[in-house]
Each structure stands twice: as C-alpha cells, then as structure tokens.
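Read the structure below first, then the notes.
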Protein chains: 2
Amino acid sequence: MGPGQRSVRRSGRGRRAHLVRRSAAAAQTPLHPGPGRAKLTWINRIMIPLSPPPDPGGAAMASAPPPAGPPDNAPFDPCQPCGLGGLALCRDLPERERLALIALQTTVRLDAHETLFTEGDRALYLYTPVAGAIKLYKMMQDGRRQITGFFFRGDLFGFAAGSVHGATAEAVTPVELCRFPLARLEALLPQAPTLERLVLRRALARLARYEDQVLLLGRKSAPEKLASFLVSLAERAQERGEPASPVLVPMGRADVADYLGLTIETVSRTLTRFRQDGLIGLPRSGTVVVLDAARLRRLAEGAEIPR
Amino acid sequence: MGPGQRSVRRSGRGRRAHLVRRSAAAAQTPLHPGPGRAKLTWINRIMIPLSPPPDPGGAAMASAPPPAGPPDNAPFDPCQPCGLGGLALCRDLPERERLALIALQTTVRLDAHETLFTEGDRALYLYTPVAGAIKLYKMMQDGRRQITGFFFRGDLFGFAAGSVHGATAEAVTPVELCRFPLARLEALLPQAPTLERLVLRRALARLARYEDQVLLLGRKSAPEKLASFLVSLAERAQERGEPASPVLVPMGRADVADYLGLTIETVSRTLTRFRQDGLIGLPRSGTVVVLDAARLRRLAEGAEIPR
DNA sequence: CGTATGCTTGAACGTTATCAATACTGGTGG
DNA sequence: CCACCAGTATTGATAACGTTCAAGCATACG
C-alpha cells in the first residue's frame with residue numbers, strides 16, 4: 001500500500017481514523033471514558049414478537065426505521081421472545097436448558113452510532129443481534145481504528161478473555177439485541193452441558209473467522225479485500241436464510257475501510273472499478289448487486305487478475 | 001505500504017511466499033496433499049521427564065538440539081510426564097479430572113520444518129508444545145502465506161471450527177508436543193466441567209490475541225508491527241517464567257514477515273534501524289536484546305515517532 | 001432550497017514491495 | 001583447520017499500491 005495506510009497517526013494530527021459523527025471525543029480517550037455513551041433503552045423479557053425474519057426483496061436496511069411485523073405464528077416457541085427463530089443459542093438446546101437460558105434473556109435496543117460497551121469495560125453480557133448490525137472495534141491512541149468484526153442477526157459476541165472487553169461495540173444500524181448476563185450464564189453452565197458446548201462452538205467459529213480475517217489483512221490486495229468482504233457478507237446472509245445476491249451493506253465506507261485496513265477513498269475507488277468491470281451493481285447506497293459471483297469469488301481468493 | 005505488499009501473487013509467478021525449504025511442493029497444493037508430510041516420531045504416555053522448564057540465561061534455542069535434563073524433583077506430579085509444570089491444562093484441575101486428562105495424553109516430536117497437520121485435515125487432537133515452537137499458517141493458491149500464530153511452551157492449539165483444521169501447523173524448531181485426542185476429550189468433557197471451562201478460557205484468550213493481531217495487521221506501520229512483535233514475544237516469555245530481556249526469536253525472517261504481513265526485506269531493514277537507533281541489540285541470530293523497552297513499547301502502541 | 005454529511009474522483013506523494021547483489025552463517029568435506 | 005556451499009540475512013536502487021490532500025458531487029434533511 002501507499003505511504004500512509006497508517007500515516008493517519010503521529011501526534012494525532014491529520015485525519016485520524018474515519019471519525020464517525022460524534023466520536024471525536026471518544027477518539028481522544030479510547031478507554032472507558034463514557035462520553036457519548038448510549039442510553040440503552042431496554043425491555044426485560046419481552047413476550048411479544050419483536051421482529052420478523054428479514055423480509056427478502058426488501059430495500060436496504062441501511063438506516064431503516066426500526067423493524068416491525070409479526071413472524072410466522074407457529075406453535076408456542078419459548079425462544080420466540082427474542083424473535084431469532086432457529087439462529088439463536090436457544091436452538092438445539094434440550095428443553096430444560098433452553099428454559100433456563102431464556103429466563104436470563106433480556107432485550108436491548110440501540111440507535112445507530114450508539115455505543116453498547118467500550119474497550120476496557122467490565123464484560124457483563126453476551127449478546128446476539130435480533131435485528132440490525134453491530135460493529136466491534138479497537139482504537140489506537142492517535143485515533144487509528146480497526147474494526148474487528150460485524151455482527152448480524154443470530155451472531156454471538158461479547159466474549160472477553162479476562163473480565164474486561166477488548167474492544168468497543170457500537171451499533172451500525174438501529175439494533176435490537178438479545179443479551180445474557182455472564183455471571184448468571186456461568187452459574188448455569190455446569191448444569192447445562194449442551195449450552196456450554198454451544199458457547200464453545202461459537203467461540204471456535206469466531207476463531208476460524210479471525211483466521212480468514214488475518215489472511216485478508218496481511219496478504220490480500222485492496223481489490224481482493226473488497227471482494228472477500230462482499231463474498232463473506234453474501235455467504236453470511238445466506239447462512240441466516242437471506243438472499244445472497246443483493247448484498248446488504250448497512251455500514252458506511254468508513255466502516256468498511258476500517259474493517260479491511262484501507263481508507264475510504266480506496267474502498268470507493270475499488271468499488272467503482274468493480275462496477276465498471278461489470279462485477280457488481282450499486283443501485284442504491286447500502287446495496288450491492290453481485291453480477292459475476294464466480295469472478296468475484298476468484299478475485300477474493302487471489303486467483304483472478306484484478307483488471 | 002508499497003506497491004506489492006501482496007504482489008507476490010498473480011499466476012503463481014514471482015517469488016510466492018517466502019518458501020521454506022522443501023515446501024515448494026506443498027505450496028502448489030495447499031490442501032491435504034500430503035507430500036512432505038512429517039514422519040511423526042511419537043511416544044505414547046512417556047513417564048520419564050522429557051524436558052525441564054526453560055533454563056533462563058541459556059543461549060538461543062533457535063535451532064538448538066532437542067532439550068534434555070531433569071526438572072525439579074518435587075513429589076510425584078501426574079502432570080510431570082509432559083514436563084509442563086504449571087502451564088498445561090493439567091494445572092488447576094481437580095485430581096479426578098486431571099488424571100482422566102493425563103490418561104489421554106500422548107507425546108509427539110517433530111523436527112524443524114516438519115508438518116504436524118495441513119489445512120483441510122481432519123482435526124483429531126489438541127496440542128500443547130512442551131519445548132520448541134510451532135507456527136500455524138494459511139496459504140493462498142499462488143503461494144502467498146499468512147502465519148496466524150506462533151505457539152510456545154504451554155500454549156494450546158489445534159482448535160477447529162468444524163471437524164477440519166483451518167490452517168497448517170509446522171514446527172519452527174525441533175518441538176515436543178503434548179497432545180489430546182479430540183474425540184476422547186469431548187467424551188470426557190461432560191464429566192469434567194473444570195476442564196471444559198479451561199478449554200473455553202483458552203479459546204477466549206486466543207480470541208483476544210487475534211483482536212490485537214487484526215489491529216496490528218490492519219492499522220500499524222512496519223516499525224510498529226516489529227515493535228509489537230518483539231514486545232509480545234517478550235511478554236509471553238515472561239508469562240511462562242522466562243526472562244523478557246534477551247528475546248528469543250526462534251523463527252527466521254521469512255516467518256516473521258509472513259506473520260506481520262511484510263516482506264523479509266522490510267523486516268530486516270526495520271530491525272537494522274532499530275539497532276542503529278539503540279532500541280535493540282542483535283548479538284546473534286535468533287536473539288534480540290531489548291535496550292530501550294519503554295520506547296519500544298511506545299512505538300508498538302503508535303505513540304512514538306519511529307525515527 | 002440551502003446546508004450537512006457522505007461518497008466519488010483527481011493529482012501527488014510516501015511507505016513498502018520488488019528486483020538485484022552482496023555478505024553472512026552454519027554445516028560438510030577436503 | 002580451512003575452503004566450500006546452501007540457505008539466510010543484509011543492503012541498495014527502483015517502482016507500485018494505496019494513502020494523503022483537495023475538490024467536486026450526490027443524497028438526505030431541515
């Protein structure tokens with residue numbers, strides 16, 4: 001890359017990370033400073049169906065209004081409160097463990113750009129988005145930012161090595177989260193072997209995802225990074241039962257850049273070239289239509305000449 | 001960065017990744033091809049003390065001959081066979097679980113550059129190095145390589161998301177490994193809650209390490225990467241009771257480069273400049289003396305002007 | 001309809017890769 | 001013991017990819 005893939009740094013001058021709206025203050029004091037903290041409107045153990053499975057064919061959910069609409073009315077499912085269908089932890093749990101888990105469950109809502117927790121905060125919960133998207137990021141003193149992951153419907157995040165979060169969690173879109181208090185969860189684990197295995201499985205899946213991300217960051221070119229990103233978003237959408245073709249990209253260019261280790265400009269330029277080359281279409285902000293999935297995939301794997 | 005941080009690629013021409021000795025064949029066929037596979041000299045449930053805790057003050061163990069020498073002769077410790085002292089999983093386990101775990105344990109030895117398992121292989125064991133070092137890497141079709149981690153005495157690796165390894169494991173130095181068969185381990189877990197918690201804890205620790213690595217790869221400059229690498233090696237050495245100051249760097253420049261997302265040349269140049277600036281000393285191959293730990297650490301965090 | 005915010009596009013620059021020798025290091029055989 | 005050799009590390013010159021700086025453009029919003 002160029003000279004300043006990271007020249008944002010040094011004495012805090014310059015552009016810093018791609019600052020997101022009111023994050024200027026937060027940029028100065030990355031560790032549990034608390035300014036701009038979210039207001040955390042939350043509801044305890046809601047029993048009404050909160051959000052339906054994604055309506056395919058719908059428009060971008062980029063900054064869409066909070067979701068609404070009832071899910072399919074199947075026979076009573078204790079997992080229904082969080083509206084996650086089969087994606088959540090609840091799934092595949094024996095009845096006893098499932099009920100115990102659901103007893104712990106609580107719902108949280110955040111608006112876009114609100115902070116859920118900050119690097120250095122005590123880790124108190126595990127979270128699963130029910131609707132919307134969350135990003136996790138680490139920040140350097142001078143404001144350089146690296147997004148470590150995006151989390152969508154059914155993903156699990158909030159894992160902490162010690163008792164403290166290693167990254168900051170912020171809402172990309174308005175988001176609704178299913179959360180489980182760690183203390184009570186841990187107390188439950190000895191009596192819930194299936195659940196514990198499930199949590200471990202999730203952690204291992206995240207490890208595998210990190211392996212890919214490390215390869216991407218360390219060894220892929222900008223076009224390959226973007227291609228990988230789109231392919232990954234598409235695959236993940238498919239895994240949760242959404243269509244793969246119109247890839248919904250709810251995050252802005254700044255977030256994409258900070259996830260891929262690039263700058264906004266490079267992301268923009270690269271997507272433009274993808275469009276010119278007939279790889280993708282960009283009908284509206286937040287939506288990418290994949291026109292040549294095979295070539296995009298080959299590009300992502302480094303087996304295609306970019307131009 | 002420059003133009004070709006990743007231009008090694010494309011049509012397999014050019015330099016590929018930094019090829020390690022006889023890995024040419026393996027480079028062509030990254031997935032379970034099996035050529036150049038290790039011979040895996042292993043011993044089942046050895047009862048003789050195999051290797052002592054690291055003797056501080058000793059010379060580089062870079063490509064040192066296999067270790068020898070008895071550990072402290074404490075009252076009989078069932079964990080002694082693997083010689084890991086308090087670092088292993090055994091530690092902190094109730095007696096019953098510990099014995100059960102040790103019954104599964106087996107020892108494996110590899111020479112430097114031998115492959116333990118390959119990306120795509122079925123995941124059959126969890127491993128802990130007792131002496132020596134292992135690297136894990138992913139490879140792209142055209143030979144670009146990204147090392148995802150180095151594992152030393154007491155570290156745990158071999159986690160797989162599905163039933164298959166996501167990376168290749170290769171010995172950096174002659175290495176002795178304590179290994180546990182996954183199938184029997186899983187069968188044991190329901191009766192060994194402490195053990196399961198311990199495995200989860202290890203996986204979470206690895207997640208935290210990945211977060212740091214992602215920040216490093218995505219947002220740090222070459223000098224910052226090198227500084228972070230040295231600091232990390234020093235800290236990890238200290239955590240396992242070894243001295244931090246003469247940092248032992250058993251891997252070659254190619255491995256360092258493929259870990260940090262750089263080239264051999266940049267690694268070499270950067271270390272040379274560190275030496276010229278009085279940050280470090282390079283007395284012998286495989287040994288780095290930290291002369292200004294504070295500045296090195298600040299550099300690693302991006303809070304120091306490189307030059 | 002004007003102002004904010006984010007996205008796109010252009011030109012110049014810089015860090016890091018590439019290409020190419022040269023020097024070193026450890027092991028082996030004369 | 002030393003010359004040799006293969007692998008490895010260092011150093012130099014050049015160039016490229018991606019960044020930085022700087023406008024211009026679109027989309028949303030009051």
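Per chain, numbering begins at 1; letters A, B, ... match sequence-line order.
Residues passing the salt bridge (Lys or Arg N to Asp or Glu O under 4.0 Å) test with A:Glu235 are A:Arg297, sequence neighbours excluded. Considering only residues two or more places apart in sequence or on other chains, B:Arg298 meets the side-chain hydrogen bond (donor to acceptor under 3.5 Å, both in side chains) condition with B:Glu304. Scored by the side-chain hydrogen bond (donor to acceptor under 3.5 Å, both in side chains) test, B:Arg236 finds B:Asp155 as partners (sequence neighbours excluded). Taking A:Ser228 as the reference, A:Lys220 meet the side-chain hydrogen bond (donor to acceptor under 3.5 Å, both in side chains) condition, with sequence neighbours excluded. Evaluation of the ring-ring contact (aromatic ring centres under 6.0 Å, His included) rule for A:Phe151 yields A:Phe157 as partners, not counting sequence neighbours.
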Identify the pairs formed between an N or O of the protein and an N or O of nucleotides 9-14 of chain D at a distance under 3.5 Å, and give each distance.
residue: D:dA9; atom: OP1; partner: B:Arg253; partner atom: N; Å: 3.2
residue: D:dA9; atom: OP2; partner: B:Arg253; partner atom: N; Å: 3.3
residue: D:dT10; atom: OP1; partner: B:Arg253; partner atom: NH2; Å: 3.2
residue: D:dT10; atom: OP2; partner: B:Arg253; partner atom: NE; Å: 2.7
residue: D:dT10; atom: OP2; partner: B:Arg253; partner atom: NH2; Å: 3.4
residue: D:dT10; atom: OP2; partner: B:Ser268; partner atom: OG; Å: 2.7
residue: D:dT10; atom: O5'; partner: B:Ser268; partner atom: OG; Å: 3.0
residue: D:dT11; atom: OP2; partner: B:Thr272; partner atom: OG1; Å: 2.8
residue: D:dG12; atom: N7; partner: B:Arg269; partner atom: NH1; Å: 2.8
residue: D:dG12; atom: O6; partner: B:Arg269; partner atom: NH2; Å: 3.2
residue: D:dA13; atom: N6; partner: B:Arg269; partner atom: NH2; Å: 3.4

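Protein atom CG of B:Asp111 is 14 Å distant from nucleotide atom P of C:dG27, rounded to whole Å. At whole-Å resolution of the value, NE2 in A:His113 and C1' in C:dT5 are 10 Å apart. One interatomic measurement links the two molecules: CZ of A:Arg144 to P of D:dG18, which rounds to 18 Å at whole-angstrom precision. At whole-Å resolution of the value, CG in A:Leu217 and P in C:dT16 are 15 Å apart. Rounded to an integer number of Å, the gap from CZ of A:Arg219 to P of C:dT16 is 13 Å. Protein atom CD of A:Glu224 is 12 Å distant from nucleotide atom P of D:dC17, rounded to whole Å.
Of all non-hydrogen atoms in B:Ala257 and A:Arg219, the two that sit nearest each other are O-NH2, 3.2 Å.
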